[in-house]
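Here is the structure we will look at, set down as structure tokens.
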Amino acid sequence: MKEANRFLCPGFSLAQTIESGQCFRWKKWEEGRYTVLSGARQVTLAQAGDSILFLDEVSEGEAAYWRNYFDWDRDYEQIKKELSAKDQVMAMTIPAGSGIHILRQEFFETLMGFIISQNNHIPRIKGIMERICQSCGEEIGAGVYSFPTPEQLATVTEEEFRWLGAGFRARYLVDAVGKVVSGQIREEDLRQMETAEAKAALMTICGVGEKVADCVLLFGLGRWEVFPTDVWIRRMMEQLYFRGKEASLKEIQKKAEKKFGAYRGLAQQYLFYYGREGQGHGGRRKADDKDKRHAAAGSGGNCLPDSGI
DNA sequence: CTCCAGGGATCAG
DNA sequence: CTGATCCATGGA
């Protein structure tokens, strides 16, 4: 075989995976056809049945990168089987998002993306990410830009992030960039750490709480043993595992660990997708479910602009 | 127009 | 440790 421009990926859904809220730099052209960006790369793909087609010429190296990015070599069928066998709720919820894979995204880009994601909509998150790329990244194609490196963002001020639309998250982005550039947060170190330790390290960044840290661990560092718990997941878990009664974050995470074990990151995606599909994007909630908010008291640190290294 | 978003920091009890 | 409020913006 000469060019690797076609991959057989039984059970994989390009649309479900891309649109499950894991990544923010992509464009849908038409049904089943997407351009996806990661770091300084882009690829345009189409799904035809069980096959994924690369619509542009790609080197073997590029193809290998995306193969890893989309996690095509993992046996999801086996994992789904295990989750379904162990838990009846999983057996019910998995079919909705059965084709979802957990992406292996670039660490820094994932960190920035999920800081931006807080209290925000996907379309706007995408816009902010794109503007960051346009203003600080490099042009890697016609009107297409790479996600900037930490060094390329090192001089961006809070005010400038605000101009790019980041809003109150601008301060958080500056803090994140600073901690990465200064070496206070190093990807290689995080990869060496136990998950709990890596999570604590991430949470020293201002604007990174439990949920964002878990997302970075899951989507940017390949740690499946986390369970990012947002309002949707909380709602789903309470509904499906706590008889509709309120449960604390701790209780939810403990339940997730017990039910989904080392696969809770993936299980979380199934639950999220199921909840979104089933209840719609309009944010329907139980009739008299008042808005609840939670404070996750961070033990680890203030958020004053850091003065130095 | 107002409502709200795959949260988190901050300040009260 | 739990609860309430604010945060900036732009889709819907």
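Chain letters run A, B, ... following the sequence lines, proteins first and then strands; every chain starts at 1.
- Toward the 5′ end of DNA chain B lies the nearest nucleotide of A:S20, the other residue of the pair A:V208 and A:S20 mapping further downstream.
- As a member of the Ile/Leu/Val/Met/Phe/Trp/Tyr network built from side-chain separations under 4.5 Å, A:L37 groups with A:I140, A:V144.
- Taking atom P on both B:dT10 and C:dA8, the two are 12 Å apart, rounded to the nearest angstrom.
- In this structure, A:H101 has its ring center under 6.0 Å from that of A:F12.
- Straight-line distance from the OH atom of A:Y172 to the C1' atom of C:dC7: 7 Å, rounded to whole Å.
- Spacing between atom NZ of A:K211 and atom P of B:dA5 amounts to 13 Å, rounded to whole angstrom units.
- Listed by residue number, A:N119, A:H121, A:R124 are the residues of residues 113-131 of chain A with a heavy-atom contact under 4.0 Å to DNA chain C.
- Within the structure, ring-ring contact (aromatic ring centres under 6.0 Å, His included) pairs that include any residue of residues 233-259 of chain A comprise A:Y241-A:F260 (at least two apart or interchain).
- Every stem involving DNA chain C, taken as at least 3 paired positions in a row under the Watson-Crick or G-U wobble test at 3.5 Å, is listed here: B:2-5 with C:9-12, B:7-13 with C:1-7.
- Residues A:Y145 and A:V36 do not share a hydrophobic cluster, defined by chaining ILVMFWY side chains whose heavy atoms lie under 4.5 Å apart.
- In this entry the distance linking CZ of A:R171 with P of C:dT9 reads 14 Å, nearest Å.
- Proximity of residues 156-169 of chain A to DNA chain C (heavy atom under 4.0 angstrom from any strand atom) is restricted to A:R162, A:G167, A:F168, A:R169.
- Between the CH2 atom of A:W232 and the C1' atom of B:dC4 there is a distance of 12 Å, rounded to whole Å.
- Residues A:I122 and A:I102 share a hydrophobic cluster, clusters being chains of Ile/Leu/Val/Met/Phe/Trp/Tyr side chains in contact below 4.5 Å.
- Atoms CZ (A:F272) and C1' (B:dG7) sit 14 Å apart, rounded to a whole Å.
- Following rounding to the nearest Å, A:K199 (NZ) and B:dG7 (P) show an atom-to-atom distance of 15 Å.
- A:E159 and A:T157 share no donor-acceptor pair across their side chains, judged by distance under 3.5 Å alone.
- Across all strands shown, A:G21 has heavy atoms under 4.0 Å from base atoms, whether or not it also approaches the sugar-phosphate.
- A straight line from CG of A:L173 to C1' of C:dT9 spans 14 Å, rounded to a whole angstrom.
- Summarising the geometry of A:R6 relative to A:F54, their closest heavy-atom pair is N-CD1, 4.3 Å, with the distance given to 0.1 Å.
- Rounding to whole angstrom units, CD of residue A:E210 and P of C:dT2 are separated by 12 Å.
- For A:Q253 and A:T229, the side-chain atoms include at least one donor-acceptor pair closer than 3.5 Å.
- The hydrophobic cluster containing A:L55 also includes A:L53, under a criterion of side-chain heavy atoms closer than 4.5 Å among ILVMFWY residues, counted directly or through chains of members.
- Between A:K254 and A:E257, none of the side-chain N atoms (NZ, or NE/NH1/NH2) sits under 4.0 Å from a carboxylate O, so this pair counts as no salt bridge.
- Using the six-membered ring where Trp is involved, A:W72 and A:F7 have ring planes that are tilted, between 30° and 60° apart.
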